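A short write-up of the structure that comes next.
Quick caveat: nothing in here was measured; it's all calculated off a predicted structure.
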Amino acid sequence: MDGTTGITPRTTDTVAGGPPASRTRSWWGWGWADAHPADAECVAMGALLPGTLARPLPVPRVRDLGIGSPAVQAPPSLAHLVTADPADRAAHAMGKAYRDVVRALRGRPGRTPDLVARPTDDREVADLLDWAGERGVAVVPYGGGSSVTGGVEYRGDAHRAVLSLDLTAMGSVLEVDAAGRAARIQAGTLGPSLENQLRPHGLTLRHFPQSFEFSTLGGWLATRAGGHYATGRTHIDDFVQSLNVVTPAGTSTSWRLPASGAGPSPDRLFLGSEGALGVITEAWVRLQRRPVHKASASVAFTDFHDALRAVQAVAQSDLAPANCRLLDAGEAGLAGAAQDGSAVLVLGFESADAPVAALLDRALDLARAHGGRHDAVPAAGAAAAAGAGPAVGADAAVSAWRAAFLRMPYLRDGLARMGAVAETFETAATWDRIPGLVEAVRSEVGAAALKATGHPATVNCRLTHVYPDGAAPYFTVLAAGRPGDEAAVWDELKAVASEVLHRHRATVTHHHAVGRDHRPHYDRQRPDPFALALRAAKGALDPRGVLNPGVLVG
């Protein structure tokens, strides 16, 4: 999701085995500017959806936004940390959700921050928070900017100005305890840099969200991010030993411990707090040895419900696959994993200690027992691609899925340029609710799309994470938009989807965070006494109410 003009030239992509190669990030869309679909590819994609535009919307330009002078100026003591550059401000105005992209395409990105600050240590973070509190300036913590739930933008007018607090200047692995397999890492460390700094020690965090290339450790912690791996340690929470958090009320530093039963966990207070209670500046995290034994395969199913039962059996088997991703027929078709109407289960195993072929064979046996078909020879021992998750091998469906997985965010923005609605949302529920939930989302969101646009929509589903007691369905919606009103169409569909989730007691988010987009439904999901405690914590830690206003609590 990116463009070719008005971009922020501040990022460097480190190419494995070679010198850093300078690349630019888009201010308005996903990823690298040079990876975005060209106009011809956008048109070809749009032709597959009825009701889209005849030609793509132009790539937006910062100079067309009319960004004015900032409402405040930083004091001389902080001026060296702060910029009011229009391109920097535009790049920090929103996250990377579909509604963010289409708003930028239409020249309506919302309120841009007045200033962007890049502190380099805790003292500078504290000084910026003190100044912002005294001046009534809202502070929005910012990592890689990959939020898809409105988590890094300011909405409203209750504050005189907005400061985007970019943590990426704090991007180092500070300390490695190789014997204890842990590291102290600054929160602004982007995924690739984090893994590159750990590689000489033979260790890995093994947390690979789809946004890995463009998100930070602090962002993962603040949003309780889910990684690529389907079982076991699926969320960043599972890797945390301790946190360092700067708040307006002081700095909270928890002890580094393997485990503790000493009262409610201080780390749990800040995990998932999305910058509303404090700014996470560093963490001790658990590491693992890099895997050397790998095997993967795919299994096709004629019936999706048979596939669900197979996945449940695998999840309850204690085999703990690294990948256990089920694609329904529509999703498998989009990914090129199957073109015959089959659902496809992608399985992968890895280990740093022992061969995993026997584990894969057992999982395949369970899948076959539920009607699965496996014909390809599984690939074992293939090398992982750039550290971004488990290796895939010769199995064509597995390879096709992986390529589509990495490319999909860019294609989504290409469809957005054609006026289409192309977005995803995710949830989690217990196994007894999964079949009904999936069917309800497909039918009700599909009906809402037809009503909103006059054209039929495609609603696909995949399971991204599986547990012995439930799973995390992830839905893709592809539909025509209403020209000039695409964001409103998505908001309508999202509202319908959220009502379905609530009715089925499925969480409003499994790993995308609450942000501002999910806030109304999060308010309904959380217990009232907990909401009371959360508001009290907000008032105690952020008495002037400047930290990411509108996120989690009022």
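Using modelled atom types, one side-chain atom of T52 and one backbone atom of G46 make a donor-acceptor pair closer than 3.5 Å. Although no hydrogens or angles enter the test, the distance criterion places no donor-acceptor pair under 3.5 Å between the side chain of D100 and the main chain of M94. A donor-acceptor pair is defined here as one N or O able to donate and one able to accept, closer than 3.5 Å; no such pair exists between the side chain of Q241 and the backbone of W284. At distances below 3.5 Å, at least one donor-acceptor pair connects side-chain atoms of T427 with backbone N or O atoms of T507. No donor-acceptor pair under 3.5 Å is formed between the side chain of E213 and the backbone N or O of G191. Between the E439 side chain and the L437 main chain, no donor and acceptor come within less than 3.5 Å of each other. The backbone N or O of Y98 lies less than 3.5 Å from a partner atom in the side chain of E423, making a donor-acceptor pair. Side-chain atoms of S254 come within 3.5 Å of backbone atoms of L243 as a donor-acceptor pair (strictly under, hydrogens ignored). In this structure, the side chain of N548 engages the main chain of G151 through a donor-acceptor pair within 3.5 Å. Panel note: side chain S215, backbone S211; a donor-acceptor pair is recorded below 3.5 Å.
The shortest distance between side-chain heavy atoms of L359 and P321 does not fall below 4.5 Å. A heavy-atom distance below 4.5 Å is not found between the side chains of E153 and V140. You'll find the side chain of L217 stays beyond 4.5 Å of the side chain of L190, heavy atoms only. You'll find the side chain of R368 stays beyond 4.5 Å of the side chain of H370, heavy atoms only. Residues P56 and V43 have side chains in contact (heavy-atom distance under 4.5 Å, counting atoms from C-beta outward). Looking only at side-chain heavy atoms (C-beta outward), T149 and T509 stay at 4.5 Å or farther from each other. Here the side chains of V551 and R519 are not in contact, with every heavy-atom distance at 4.5 Å or above. Taking 4.5 Å as the limit, some side-chain heavy atom of L205 sits within range of a side-chain heavy atom of W220.
Under a cutoff of 6.0 Å and an axis angle of 45°, R462 and Y474 form a cation-pi pair. For the pair R233 and F239, the cation-pi test (distance below 6.0 Å, angle within 45°) is passed. Annotation: cation-pi geometry satisfied between R442 and F304 (NZ/CZ under 6.0 angstrom from ring centroid, within 45° of ring axis).
Salt-bridge annotation for R503 and E444: present, with a side-chain N of the basic residue lying under 4.0 Å from a carboxylate O of the acidic one.
Of the inter-residue distances, the one linking L326 atom CG with C461 atom SG reads 7.5 Å to the nearest 0.5 angstrom. Summarising the geometry, atom CG belonging to D528 is positioned 9.0 Å from atom CG belonging to L532; distances are rounded to the nearest 0.5 Å. Here the CZ atom belonging to R181 is positioned 11.0 Å from the OG1 atom belonging to T204, to the nearest 0.5 angstrom. Taking CZ from F214 and OG from S26, the interatomic distance works out to 10.0 Å, rounded to the nearest 0.5 Å. Taken to the nearest 0.5 Å, the CZ atom of R516 stands 9.5 Å off from the CG atom of L552. The structure places CG of N323 at 9.0 Å from OG1 of T231, a figure rounded to the nearest 0.5 Å.
Partners of H235 according to the ring-ring contact (aromatic ring centres under 6.0 Å, His included) rule, which considers only residues two or more places apart in sequence or in another chain, are H510. Applying the ring-ring contact (aromatic ring centres under 6.0 Å, His included) test to F270 and every residue at least two apart in sequence or in another chain returns nothing. Qualifying side-chain hydrogen bond (donor to acceptor under 3.5 Å, both in side chains) partners for R433, counting only residues two or more places apart in sequence or in other chains: none. Residues satisfying the side-chain hydrogen bond (donor to acceptor under 3.5 Å, both in side chains) test with H512, not counting sequence neighbours, are E426. Annotation: side-chain hydrogen bond (donor to acceptor under 3.5 Å, both in side chains) contacts of D318 (sequence neighbours excluded): none. For A531, the side-chain contact (heavy atoms from CB on, under 4.5 Å) criterion is met by R526, R535, not counting sequence neighbours. With sequence neighbours excluded, the residues that form a side-chain hydrogen bond (donor to acceptor under 3.5 Å, both in side chains) with H518 are K494.
Here the closest non-hydrogen pair linking P468 and Q316 is O-NE2, 2.8 Å. Smallest separation of non-hydrogen atoms from R412 and A97: NH1-C, 3.6 Å. Counting all heavy atoms, side chain and backbone alike, A416 lies closest to L57 at O-CD1, 4.1 Å. V500 and A440 make their closest contact through CG1-CB, 3.7 Å (heavy atoms, listed as atom of the first residue, atom of the second, distance).
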TODO: Could you check D237 against R268 for salt bridge (charged side-chain N to carboxylate O under 4.0 Å, His left out), going step by step and ending with a plain yes or no?
DONE: CA-CA 8 Å; D237 313 30; R268 290 284 174 178; 3.1 Å; yes
- [ ] For salt bridge (charged side-chain N to carboxylate O under 4.0 Å, His left out), just list the numbers for R290 and E350, CA-CA rounded to whole Å, side-chain angles, deciding distance to a tenth of an Å, and then say yes or no.
- [x] CA-CA 10 Å; R290 292 185 171 274; E350 63 178 42; over 6 Å; no
TODO: Before giving the answer on side chain to side chain contact (heavy atoms under 4.5 Å, CB included), spell out for T476 and T424 the whole-Å C-alpha distance, their side-chain angles and the decisive distance to 0.1 Å.
DONE: CA-CA 4 Å; T476 299; T424 62; 3.7 Å; yes
TODO: Check the pair E486, R99 against salt bridge (charged side-chain N to carboxylate O under 4.0 Å, His left out), reporting the backbone distance first and the verdict last.
DONE: CA-CA 8 Å; E486 295 89 353; R99 68 188 318 275; over 6 Å; no
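For the pairing with H228, the side-chain contact (heavy atoms from CB on, under 4.5 Å) check across R206, R325, Q210 returns one residue only, R325.
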Please tabulate, one pair per line, all N/O donor-acceptor pairs under 3.5 Å involving side-chain atoms of residues 447-454, not counting sequence neighbours.
residue: T453; atom: OG1; partner: A449; partner atom: O; Å: 2.8
residue: T453; atom: OG1; partner: H455; partner atom: N; Å: 3.1
residue: T453; atom: OG1; partner: H455; partner atom: O; Å: 3.2

Counting only pairs under 3.5 Å, give me each side-chain donor-acceptor contact of residues 336-347, with atom names and distances, residues two or more places apart or in other chains.
residue: Q339; atom: NE2; partner: G333; partner atom: O; Å: 3.2
residue: D340; atom: OD1; partner: S342; partner atom: N; Å: 3.1
residue: D340; atom: OD1; partner: S342; partner atom: OG; Å: 2.8
residue: D340; atom: OD2; partner: S342; partner atom: OG; Å: 3.3
residue: S342; atom: OG; partner: R373; partner atom: NH2; Å: 2.9

N/O donor-acceptor pairs under 3.5 Å from side chains in residues 305-313, not counting sequence neighbours:
residue: D306; atom: OD1; partner: R309; partner atom: NH2; Å: 2.7

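Annotation: ring pair (Phe, Tyr, Trp, His ring centres under 6.0 Å) contacts involving residues 424-445, sequence neighbours excluded, comprise F425-F475. For residues 467-483, the set of pairs meeting the salt bridge (charged side-chain N to carboxylate O under 4.0 Å, His left out) definition, not counting sequence neighbours, comprises R482-D485, R482-E492.
Taking the six-membered ring where tryptophan is involved, the planes of H465 and Y467 are essentially parallel, since the angle between them stays under 30° and well short of 60°.
For W28 and H36, the gap between ring centers is short of 6.0 Å.
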